[in-house]
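Following: one structure in structure tokens, then a few remarks.
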Amino acid sequence: MKKPLALAALLCCLNVAAQEAKPLAEDPVVEQRLVNIATELRCLVCQNESLAGSQADLAKDLRREVRDLIKEGKTDTEVKDFLVSRYGDFVLYRPQVKPQTYLLWAGPFILLLVGIGALVAYLRKRERQVADTPLSEEERQRAEALLKENQS
Amino acid sequence: MIPELGHFALMLALLVTLVQGVLPLLGAQRNQPQWVALARPATAAAFLLVLFSFLVLTWSFYSNDFSVEYVAQHSNTQLPTLYRISAVWGGHEGSLLLWVLMLTGWAQAVALFSRRLPEAMVARVLGVLGLVTFGLLAFVLLTSSPFERLLPAVEEGRSLNPLLQDPGLVFHPPLLYMGYVGMSVAFAFAIAALLAGQLDAAWARWSRPWTTVAWVFLTLGIALGSWWAYYELGWGGWWFWDPVENASFMPWLVATALIHSLAVTEKRGSFKNWTVLLAIAAFSLSLLGTFLVRSGVLTSVHAFATDPRRGIFILILLAIVVGSSLLLFAARAPKVSLGGRFALLSRETLLLVNNVLLVVACGAVLLGTLYPLLIDALGMGKLSVGPPYFNAVFVPIMLPLLVLVAAGPIARWKHAEIGPILRRLWPAALAAVLAGAGLPLLAGEWHAYVALALALAVWIAAAIVLQTVERFKTGKPTASWWGMQIAHCGLAAFVVGVAMVSTYEEERDVRMSPGETVTVGGHTFKFLGVHDVRGPNYVAARGSFELTKDGKPLRTLYPEKRNYDTSAMPMTEAAIDAGLTRDVYVSLGEPLEGEAWAVRVYFKPFVDWIWGGCLLMSLGGLLAAADRRYRIRVKQSAAATAAAAGATA
């Protein structure tokens with residue numbers, strides 16, 4: 001009788017101990033939004049790290065602040081606007097579309113259009129330039145000699 | 001005394017590379033065999049001198065010679081021997097010396113393995129490499145000598161950044177530099193051909209294996225860096241679009257375009273000018289990458305202004321390289337023949353589209369990397385360009401490329417028709433549509449993004465299977481054919497990895513006391529506790545986690561939080577259980593009250609396919625470079641040509 005009892009006691013203990021760990025965040029929904037926002041923000045004191053990933057003290061404070069803003073019912077855009085008003089555009093990993101960044105956002109697609117345009121122009125020009133010219137007499141003889149060389 | 005010998009060897013090497021860079025080039029232009037014959041011995045001498053100098057620096061690290069300033073700044077007696085040696089390239093001066101060593105090493109390899117090439121050609125290639133080496137050696141000697149003394153010597157050196165004390169650092173920079181520097185060989189072949197006025201298929205054939213091998217190194221170097229960031233930074237990301245990463249990615253994109261364009265030049269004699277431009281661009285971007293990383297301009301334009309010597313030097317070097325090669329190109333390009341005729345739909349055209357897309361993608365990355373610097377320099381404020389931007393512009397440019405990868409190898413040279421291509425590829429298209437519709441459901445929720453990516457990956461893979469079946473009907477394929485297919489397979493695997501992990505990744509941040517469990521992606525971690533472990537130069541809090549799946553124990557994982565003796569910043573060492581279809585990843589956060597810890601766990605499906613894909617690409621590259629036809633003696637064909645010339649005379 002003793003053994004099963006001990007086993008049961010042990011199992012009981014294990015059951016008590018093996019409980020699911022609690023999330024660090026009080027509110028997982030808020031936390032998910034925090035992560036979404038913070039991955040697009042720059043940690044201001046680190047070497048190119050996102051606010052979501054950084055362990056710096058300033059980043060922790062800022063995350064706390066963003067969390068509070070979310071709880072106050074601010075939208076993602078409002079939170080970002082608030083941070084931009086305080087720290088400037090530098091804090092945004094996704095630059096806003098405005099006159100200073102028109103070139104940045106349009107650039108790759110302009111490049112693509114230019115590339116395709118140049119490609120088409122090149123192919124057309126080439127089509128005109130490279131005509132099928134028949135071999136000259138000398139070239140024909142050389143080709144024949146090469147062919148013979150290979151056969152022998 | 002010994003460090004001075006190293007310094008002296010570098011000075012001698014500078015003189016030797018001047019000889020290597022000037023006389024063989026002149027000799028080849030003026031038909032002076034004695035000057036041409038100098039190329040190989042000068043190359044060997046430069047290589048041995050730089051190697052000696054590098055070994056001297058390594059010795060200074062090994063023997064803890066803290067009277068050398070560079071050693072004192074990057075190493076100390078507590079450092080394990082392996083890291084003391086890899087610390088040689090842990091800082092600016094040493095990594096540049098490694099750069100130069102590899103440059104002379106590549107030149108030496110060209111000298112050894114080019115017995116089949118005409119002597120004048122070899123002399124020109126080695127001469128161009130000599131000039132490049134001269135520029136970089138002057139840079140090292142004038143602005144960044146690693147042999148500067150620190151008098152009086154210090155008792156103990158500063159430590160190497162703990163982030164860098166990892167096997168990843170032992171291999172990542174050397175591989176990456178091998179790739180960077182290898183681009184100089186493609187560049188040297190291109191310049192040599194321009195100088196000789198011989199831009200022909202033979203030049204493409206000679207240059208191709210070298211370019212491919214350099215590309216393989218670059219691929220491996222980037223992949224290893226990405227993997228290192230993944231397991232070492234404790235954040236589970238694998239690519240951050242960091243300017244330093246972009247600096248290595250841009251040459252890779254252009255080099256990828258280059259190896260495809262070289263294929264056309266070798267097989268069909270077309271695109272010669274374009275190929276030369278790509279070779280110049282690939283090497284220039286390698287230099288630009290070095291400038292970006294080494295000048296400090298990335299942290300801030302103002303950091304650059306406080307110590308501008310190094311940055312300005314590389315910038316001038318870059319200007320000389322780009323300027324003189326473009327001038328030469330402008331003088332020679334108009335005379336180059338256009339090569340064979342091809343139709344609007346042909347393999348040539350498809351490869352040209354591949355090139356346009358890759359170059360545009362590189363342009364986009366360059367724009368995003370330099371834009372903040374530009375805005376700052378113009379006094380228009382500070383802004384950041386990060387991953388959201390790059391993902392938004394890079395992915396759309398790459399999508400058409402993934403569609404074309406399947407069609408390119410099937411399209412015929414010269415003239416292809418849409419009908420036969422579609423007839424051969426429809427099973428692949430069908431498989432792709434089915435995969436896009438079905439596969440995401442197996443993994444979890446259906447998302448358009450992951451469906452598109454999986455469809456494209458299956459499209460590429462299925463096309464490869466179809467081609468393999470057809471190819472075997474007509475005989476045994478060559479090594480380079482296999483190389484191409486395996487590399488494209490790697491691309492498909494890469495796409496699967498990226499799509500799966502970015503869509504179905506799971507993450508939990510929890511507070512764990514011993515005995516508690518957390519489940520992520522069907523895997524359960526049970527926290528067993530933390531105890532202290534003493535490492536060679538750190539104390540670690542080592543956590544134990546029992547990993548189970550469906551109640552079956554898999555293994556125990558030991559993530560660490562390390563406090564290095566010489567650094568205040570604690571380092572996170574994640575523990576990873578890697579697998580073919582998923583990684584599970586656990587890292588320790590901070591200690592909380594009692595025995596509880598903040599713990600972060602990840603479930604990362606198919607993440608290893610990202611690096612597996614890169615490995616496949618590299619393997620493909622190696623196979624292609626090893627193709628038999630590159631080793632067939634040119635003499636035979638030379639003899640045949642001579643006979644033919646005799647016959648016509």
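Sequence lines set the chain letters: A, B, ... in the order given, protein chains first and strands last, and positions in each chain run from 1.
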Worksheet item: Can you find a heavy atom in the side chain of A/I116 that is under 4.5 Å from one in the side chain of B/V353?
Response: no

Worksheet item: Just wondering, do B/I397 and A/L111 contact through their side chains at under 4.5 Å, heavy atoms?
Response: no

Item to complete: Examine distances only and state if a side-chain atom of A/Q100 and a backbone atom of B/M380 form a donor-acceptor pair shorter than 3.5 Å.
Response: yes

Worksheet item: Is it true that a side-chain atom of B/S384 and a backbone atom of A/F90 form a donor plus acceptor pair closer than 3.5 Å?
Response: yes

Below 4.5 Å from any heavy atom of chain A, which atoms of [X] appear? Answer side chain, backbone, both or neither.
X	value
B/V356	side chain
B/L592	side chain
B/T524	neither
B/L366	neither

Item to complete: Evaluate whether atom CD of B/E595 has more than 12 neighbouring non-hydrogen atoms of other residues, nucleotides or ligands under 6.0 angstrom away.
Response: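 Incorrect, the count does not exceed 12.
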
Discussion item. To check you understand the geometry: which heavy-atom pair defines the closest contact between B/L367 and A/P108, and what is its length?
Written reply: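 Taking B/L367 first and A/P108 second, the nearest heavy atoms are CD2-CD, 3.7 Å.
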
Item to complete: Mind ranking A/G88, A/S50, A/A52 by heavy-atom pairs under 4.5 Å with chain B and telling me who comes out on top?
Response: A/A52

Item to complete: Under 4.5 Å, counting heavy-atom pairs only, tell me which of A/V91, A/T101, A/L104, A/L112 racks up the most with chain B.
Response: A/L104

Separation between [atom1] of [X] and [atom2] of [Y], rounded to the nearest 0.5 Å:
X	Y	atom1	atom2	answer
A/E31	B/R508	CD	CZ	12.0 Å
A/K60	B/E590	NZ	CD	4.0 Å
B/M512	A/E20	CE	CD	7.5 Å
A/Y93	B/F390	OH	CZ	10.5 Å
B/Y371	A/L103	OH	CG	4.5 Å

Worksheet entry | Close contacts, residues 70-77 of chain A versus chain B, judged by heavy atoms under 4.5 Å | none

Worksheet item: Contact part of A/A118 toward chain B, heavy-atom cut-off under 4.5 Å: side chain, backbone, both or neither?
Response: neither

Worksheet entry | Engaged part of A/L119 at the chain B interface, taking heavy atoms whose separation is under 4.5 Å | side chain

Item to complete: Applying side-chain contact (heavy atoms from CB on, under 4.5 Å), run through B/L352 and A/L123 and close with a yes or a no.
Response: CA-CA 10 Å; B/L352 208 47; A/L123 289 176; 4.2 Å; yes

